Amino acid sequence: MLLFLGACISTSIITLDKPLSDGHTLLSSGQNFALGFFSPGNSSRRYVGIWYNKVSVQTLIWVANRDHPITNKSAVFSLHKTGNLVLSYTPNAPVLWSTNISNLSAAGESSYSAELMDTGNLVVYKDNNKKDLLWQSADFPSDALISNMKIGVDRRSGLNRFLTAWKSPDDPGSGSYTIMINANGSVPQLFLYRNWEPVWRGGPWNGLGWSGVPEMAVLGSARFIFNVSYVDNAEEVYLVDYLRNKSVISRMIVNESTGTLQRLTWQEHKWVNFYSAPKDTCDLFSHCGPYGVCSILNVGEYECNCPPGFEPKSRQDWYLRDGSQGCVRKQKGQICGNGEGFVKLERMKLPDTSKARRDMSLGMKACEELCLRNCSCMGYSAADVRDGGSNGCITWYGELVDLREFSSGGQDLYMRLDAVELAKYSKKKKKFPGFLKILFIVLLSAAVLVLLSIAYWLMMKKNRGLFSSNSHNLRMSVNDSPKGDQVENLETSTGDVKFYTLSTIIAATGNFSLAHKVGEGGFGSVYKGKLENGQEIAVKRLSHTSGQGIEEFRNEVTLIARLQHRNLVRLFGYCIQKDEKMLIYEYLPNKGLDCFLFDKEKKCMLNWEKRFDIILGIARGMVYLHHDSRLRIIHRDLKASNVLLDAQMNPKISDFGMARIFGNDQIEETTRRVVGTYGYMSPEYAMEGLFSIKSDVFSFGILLLEIIMGRKNSTYYAENSVNLIGHVWDLWKKSEALQIVDPSLGTSDERDPGIHRCIHIALLCVQESATARPSMSEVVFMLSNEISLPPPDQAAFILRTSDKALTNTSSSSLGAISVNDITITTVEGR
Ligand SMILES: *[C@@H]1O[C@H](CO)[C@@H](O)[C@H](O)[C@H]1NC(C)=O
Ligand SMILES: *[C@@H]1O[C@H](CO)[C@@H](O)[C@H](O)[C@H]1NC(C)=O
Ligand SMILES: *[C@@H]1O[C@H](CO)[C@@H](O)[C@H](O)[C@H]1NC(C)=O
C-alpha cells in the first residue's frame, strides 16, 4: 500500500487541544516515521500505529490498540489533562485504549505533550521537558524491535519489554509467538515462546552474542550493520542495538506465520530476510531431551546423540527417531565423591540456564572446584567468551537441557562424569590399540547376533498369538481401508497400484522383525520382505506423523506408483491399517550409493566410468520427476543415501514424492521447520523455506561433488572451518579444482578430462542464485554434450563462513532470488 500523506501532515506533536483524528497523520521531525490511523491488510478495522514513512510497503513498528480494534472512522487519539494518551470514539465515550499511567501530580498542574520522535518512539513528557518522560511507546513493543529500542526487563519497576507476533497480516492482535529475555533465573536468556512454551532458546549472553547464535561471536560485532549493547546489572537487563548507518532500515520481528524470529532489512524496495531462528531441527528447544546433544554435522545420521557416559533413556523411541526422552547415565547410583571429573564437550550451545548459577568473579579453575564440591552440579562453563573464554563461571544443577553442537563457534562445556566412564573416555581419546578395537567389535557382533536370533525366535513364537489377538484391529482396518471388502485376498490391484493387507506384510517381514529391518530413513523404517509368490519387496513403514487421510493417501500413492523410469525405484503399492501406513517398493539387493561411495573398500568398485553413469542416471531420473512425468515432483531430499543401486549398479532414486504422500499440511510443517538434510539444502530453502525444482538442482550439485570426491560433504565441517562448497570454490578460483578428486580414481595423469567438466557443472548447480542454476534437463545436456559451459557464479553458503552472513552486503545476492521464479507449491498436476 502506498501512502498519500500530502494533505494531512501536521506537526509531530499532540497536545491537549490538538487531538489526532482518523485521516490525519503525524510525522516525526526527520520524517522517518509516521503516526496515525490505519487498516491492516484486507481488514477494514482501524488501529492507531507507527509506521516507517520512507518504506513504500506500509510496515508498522508499533500498534496502540492492537487487541482493541476500532470499527469506524470516528475515533480520536487525544492527550488528557492527566498526561494519558487515550483512544475513544468521542472525547467522552468509553476508553478503547489508554496509556493508563497513574500520574502523581494533580491534574491541571502541569502541561503535557506527546511527540513522535524520529527514532519511531512516541513519548509523553511534562512541561516541554523531553527529559521528564511520563510514558514512551518503546516500553510497550508490538512485534518489532528497531534501532534504539530495548528488549528486556527493568528489575526495579518490573517492566518487561518483549515482542509478540501479529495474529495475521490482517490482524495486529497478540499472536501466539513471543520473543523475550527471561530474567527469572540467575542467568538471563533469550527465548522464543509459542503460547509461553519455549520453541527456541537464544540462550545466555556470552559477552559477544547469544549462546544459541554462534554467528555473533564468530563474526564479531564489527561486521554487523549495528552496534549491540547488552546490559545486565542489578537494575536492568536488556539488549539494544544501534544501526551504524542512519540510512539503513532494519527491524527484528517475531513472525506468526513462520514461527520464527527474523531480522529483516529494507533493500531494493523489499524486506529481505537476514537472519531467522529457529533455523534447523537442532534449534528446536530440547529436541533431543535432557542430556541429549543435537548435532546435524553428520549428514544422514540421526541428529540426537548421547554424551560420553550416557545412553538413550528409551532405546526404542531413539531408534524410531524420537529423542524427546533424552539420555540417562549408564552408571546408575552415586557418582559423587568417587573420583569423578569432567569431560569437555566442544563447540556447544550452553544448556538451559534456568536452574544454573553464575559467578562472574570466578575463573575456570575455581569454577571446576565449585562444581565438584556440590553433588548436584552437573556441569560448568565460562560465562564470558571474550579473552579466550576463561571469565566468569556458570554451574548447572539438575538435568542439562537443550544441548546442541555447532559446526563452528559455540563454547566448551564441561560435564560431570564418574571415574569409570571418565577413564574409559580418556582412554578412548588416547586411541584404542587396533587389535583391542577389533576384538571388541567381534565380541559385540557375536553378542548382537545371539540376541537377534533369540529375539527373532521369540517374535516368531509371539506371531502366532498376534494374528488371533489382533483380529479385532484387523477387522477395523477392513472398514477403514478403501478395499476392505477384498481383505481376504492377498492383494488387490487398482490400476497400476496394489493394496496389500497387513497380514500379507506381517507374513512377508516376519512381523517387522529386526532381522528384516534394512534401514531407517527420515520418513520411517524400511524392512525387507518376501511375498508368498517369492517376490522380494521393501516395505517402508511411515512414521505416525504422516497426517493424511486414507483417501488422499491412496490417491497420492496411486499417482506416484504410475511414475516409472529406469532411474526411479518402483513403487508397487501400499498398505493401510488405522494409523499405520506403509509403502511397498521393489527390493534392490545393493544398498544406497552412500554405502559404496563413502566406504574405503567398496568405493574402488566405482571407477570414473561407473560414477559418470551413476551421475547421468540420477540426472535423468530427476529430469523425469521435474519435467517429464505426469506430475511435477520436487524431491526435496536428494542425497547419496536416497540413491539406491541395483545389481548392475544402476542408480535408482528413492523417496521421491514423499512430500505428496505426507500431505500438504505436512509440507507446511516441514517448510516451517526446514527439515531437509543439512548440507544438501539450498540457501533459499535453509534460510527462507522456499522449495523449487532449483533446490533439487542444488542438492544434485552437492551429490555430484560427493561422487567426484568420494567423501561426504559433512566431513568438511569437522576438518576445517570452511565448508565443502567454500573449499571447492577456493580451489576452483586458483584453477586447482582437480585436487578434490577422489584419490582412488587414480593419479592425475590417468584421470578422465570429464572430471573437470563435472566439477564445473556441480559449481553451476550450487550457485547462490536459484535462477542462475541450470535446470535438470540442461544438466543432462551439459553432461552428455561437449558444449562450452558458462563460468559459475559465487557458490552458495560461502557466506556462512566468509563472514558476510549478518552484514548488509549478503542480502543483495539473496535478493536475487525473486519469489516469482520459485515454485512454492511442490507439485502441479499436468
Ligand atoms: C549507508 O547506507 C546507504 C544505503 O544503504 C548507502 O548508500 C551509504 O553508502 C551508506 N553509508 C555508509 C557510510 O556506509
Ligand atoms: C513472515 O514470514 C513470511 C515468510 O517469510 C513473510 O512472507 C511475511 O511477510 C513475514 N511477516 C512479516 C510480518 O514480515
Ligand atoms: C548445591 O547446589 C544447590 C543449588 O545451588 C544448592 O541448593 C545446594 O544447597 C548445594 N549443596 C551443597 C552441599 O552445597
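All of these numbers come straight from a predicted model, not from anything done at the bench. Whatever order the structure lists ligands and atoms in, that order sets their numbers, starting from 1.
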Any atom of ligand 2 sitting under 4.0 Å from a heavy atom of Glu256? no
At less than 4.0 angstrom from any non-hydrogen atom of Ile253, what atoms of ligand 2 do you find? 12 (C), 13 (C), 14 (O)
Do ligand 2 and Asp143 have nitrogen or oxygen atoms that lie under 3.5 Å from each other? no
Numbering the atoms of ligand 2 from 1, which are under 4.0 Å from a heavy atom of Thr258? 2 (O), 3 (C), 4 (C)
The atoms of ligand 3 lying under 4.0 Å from a heavy atom of Arg357, numbered in the order shown, are 4 (C), 5 (O)
Option of least heavy-atom distance to atom 6 (C) of ligand 3 (set: Leu370, Thr395, Asn374): Asn374
Taking only non-hydrogen atoms of Gln262 and a 4.0 Å limit, the atoms of ligand 2 in range are 1 (C), 2 (O), 5 (O)
Does Lys344 qualify as a cation-pi partner of Tyr414, given the criterion of NZ or CZ under 6.0 Å from the six-membered ring centre and within 45 degrees of its axis? no
Is Asn273 touching ligand 2 with its side chain, its backbone, both, or neither, if touching means heavy atoms under 4.0 Å apart? neither
I want to check a possible cation-pi pair here: Arg251 against Trp271, using under 6.0 Å from ring centre and within 45° of the ring axis as the test. yes
Aromatic contact, Tyr177 with Trp166 (centres under 6.0 Å): no
Within reach of ligand 3, part of Arg373 (heavy-atom separation under 4.0 Å): neither
Under 4.0 Å from atom 9 (O) of ligand 3, do we find at least one protein heavy atom? no
Could you tell me if the ring centre of Phe162 sits under 6.0 Å from that of Trp196? yes
As an exercise, identify every atom of ligand 3 less than 4.0 angstrom from a heavy atom of Ser376. 1 (C), 2 (O)
Looking at Ser186 and Arg358, would you say the former's side chain and the latter's main chain have a donor-acceptor pair under 3.5 Å? yes
Taking the six-membered ring for Trp and the full ring for Phe, Tyr or His, determine whether the centres of Tyr380 and Phe342 are under 6.0 Å apart. yes
With respect to atom 2 (O) of ligand 2, which of Asn255, Thr59, Val254 exhibits the smallest heavy-atom separation? Asn255
Does Ser28 use its side chain to pair, donor to acceptor, with the backbone of Phe33 at less than 3.5 Å? yes
From the options Leu163, Ile179, Thr178, select the one residue that forms a side-chain contact (heavy atoms from CB on, under 4.5 Å) with Leu192. Ile179
